[in-house]
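Notes follow once the structure below has been shown.
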Protein chains: 2
Amino acid sequence: MDKKRSDCPISCSLDVIGDKWSLLIIRDVMLRGKMSYSEFLKSEEGIATNILVSRLAILEDEDILVREVAPANKSKYIYSLTQKGADLMPVIIELMDWGAKYNKNCPRKELGQKIKKDKAAVVRELSKVLKNKVK
Amino acid sequence: MDKKRSDCPISCSLDVIGDKWSLLIIRDVMLRGKMSYSEFLKSEEGIATNILVSRLAILEDEDILVREVAPANKSKYIYSLTQKGADLMPVIIELMDWGAKYNKNCPRKELGQKIKKDKAAVVRELSKVLKNKVK
DNA sequence: TATTTGTACTTGCATTTTGCAACAACAAAT
DNA sequence: ATTTGTTGTTGCAAAATGCAAGTACAAATA
């Protein structure tokens, strides 16, 4: 890890995930069931290959993601959330809520609607789901 | 604003505040009562002057902060949160909680303890407080 | 067996952002 | 008249990002 700018917990969090890409990878794993390099590459935002490699390495190094060889295909890797990674879920949910509220071109889909109606319930349910997937 | 990478609300949020500095400025205004360029400069993370100027301009442009001439001193500016800026509070709280949970050198202070005990209450109370300060 | 496809990268280079240090404009205070 | 405080600007170096092409190697296909 880079050296920290301060001991403020917000600053510490941003030291790790304060960029335009890391949380999109987390989103893909957490909410879209994506698990591999090639799936992340396909996301509509269009991350570059070198950035993706670099971010995956950082996220693994920070114990946010875990990398394992795919059982079905030895030349494939599978990325999963750790508990630390899963604990970013509320951050993701809040970013989604704020983004949907202030961007006209971001229509709320099922999850967005549910968040607007009862955010706490969404967080509770997702927390349960993720707990069973965590590595 | 830059052009958006996608219509995903998370991606849209990160387009605006997905960097290492913006949310620290918001933190200073939201939680530390800071209101001016020179106060932001003093924060322990040590933001550079050109970055600070650039971020303040973006945050103002995005209607997250409002800049006004200080009543007491015409050569001073005062930055305040808009409702859109204040609505970032839950994001900040979640980042604080996550950062405190996973960084040993980030001891929870009063607010951190309160968040750990009853996050929803903190969000509710802060939301009330901020509503009275919003420009 | 030879070739193609899929998957996960690496490399090189241009562009953009960040970091650092010094300097500038201007009002208020001394 | 000079100093201090406040909000910047400028120049340059370093780091991060973006883009395009190439590589390594296992699995699938012909």
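These numbers were taken from a predicted model, which means no experiment stands behind them. Residue numbers begin at 1 in each chain, while the letters A, B, ... track the order of the sequences.
Here C:dG19 presents its C1' atom at 15 Å from CG of A:D15, a figure rounded to the nearest Å. In this entry the distance linking CG of B:L14 with C1' of C:dT17 reads 17 Å, nearest Å. Counting to the nearest Å, the P atom of C:dT18 and the NZ atom of A:K20 are 8 Å from each other. A:I47 places its CD1 atom 10 Å from the C1' atom of D:dT17, with the value rounded to the nearest Å. Between the CD1 atom of B:I51 and the C1' atom of D:dA13 there is a distance of 13 Å, rounded to whole Å. Taking atom CG on A:D19 and atom C1' on C:dT16, their separation rounds to 15 Å, with Å as the unit. In this entry the distance linking CD of A:E45 with C1' of D:dT17 reads 16 Å, nearest Å.
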Distance-only check: which donor-acceptor pairs under 3.5 Å involve side-chain atoms of residues 66-77 of chain B, not counting sequence neighbours?
{"unit_1": "B:N73", "atom_1": "OD1", "unit_2": "B:S75", "atom_2": "N", "d": "2.9"}
{"unit_1": "B:N73", "atom_1": "OD1", "unit_2": "B:S75", "atom_2": "OG", "d": "3.0"}

Protein-nucleotides 6-8 of chain C N/O pairs closer than 3.5 Å?
{"unit_1": "C:dA8", "atom_1": "OP1", "unit_2": "A:Y77", "atom_2": "N", "d": "3.1"}
{"unit_1": "C:dA8", "atom_1": "OP1", "unit_2": "A:Y77", "atom_2": "O", "d": "3.2"}
{"unit_1": "C:dA8", "atom_1": "OP2", "unit_2": "A:Y37", "atom_2": "N", "d": "3.4"}
{"unit_1": "C:dA8", "atom_1": "OP2", "unit_2": "A:S38", "atom_2": "N", "d": "2.8"}
{"unit_1": "C:dA8", "atom_1": "OP2", "unit_2": "A:S38", "atom_2": "OG", "d": "3.1"}

Please list each protein N or O that sits under 3.5 Å from an N or O in nucleotides 20-24 of chain C, with the distance.
{"unit_1": "C:dC20", "atom_1": "N4", "unit_2": "B:N50", "atom_2": "OD1", "d": "3.3"}
{"unit_1": "C:dC20", "atom_1": "N4", "unit_2": "B:N50", "atom_2": "ND2", "d": "2.6"}

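Taking for each of A:S54 and A:K74 the nucleotide of DNA chain D with the nearest heavy atom, the 5'-most of the two is the partner of A:S54.
When the side chain to side chain contact (heavy atoms under 4.5 Å, CB included) test is applied to B:S43, the partners found at least two apart in sequence or on another chain are B:R27, B:D28, B:K34, B:E45. Take A:K84 and apply the salt bridge (charged side-chain N to carboxylate O under 4.0 Å, His left out) test, not counting sequence neighbours, and it matches A:E62. For A:Y102, the ring pair (Phe, Tyr, Trp, His ring centres under 6.0 Å) criterion is met by A:W98, not counting sequence neighbours.
The closest donor-acceptor contact from the side chain of B:T82 to the backbone of B:I64 lies under 3.5 Å. At distances below 3.5 Å, not a single donor-acceptor pair connects side-chain atoms of B:S54 with backbone N or O atoms of B:N50.
Contact annotation: B:R55 reaches the phosphate of C:dT18 (side-chain N/O to OP1 or OP2, under 4.0 Å). Between A:W21 and D:dA16 there is no side-chain N or O to OP1 or OP2 distance below 4.0 Å.
Under the 4.5 angstrom side-chain criterion for Ile, Leu, Val, Met, Phe, Trp and Tyr, the cluster partners of A:I78 are A:M35.
Within the structure, side chain to side chain donor-acceptor pair (under 3.5 Å) pairs that include any residue of residues 124-135 of chain A comprise A:K114-A:E125 (at least two apart or interchain). The list of salt bridge (charged side-chain N to carboxylate O under 4.0 Å, His left out) pairs with a residue in residues 93-102 of chain B, not counting sequence neighbours, reads A:D87-B:K101, B:E94-B:K119, B:D97-B:R108, B:D97-B:K119.
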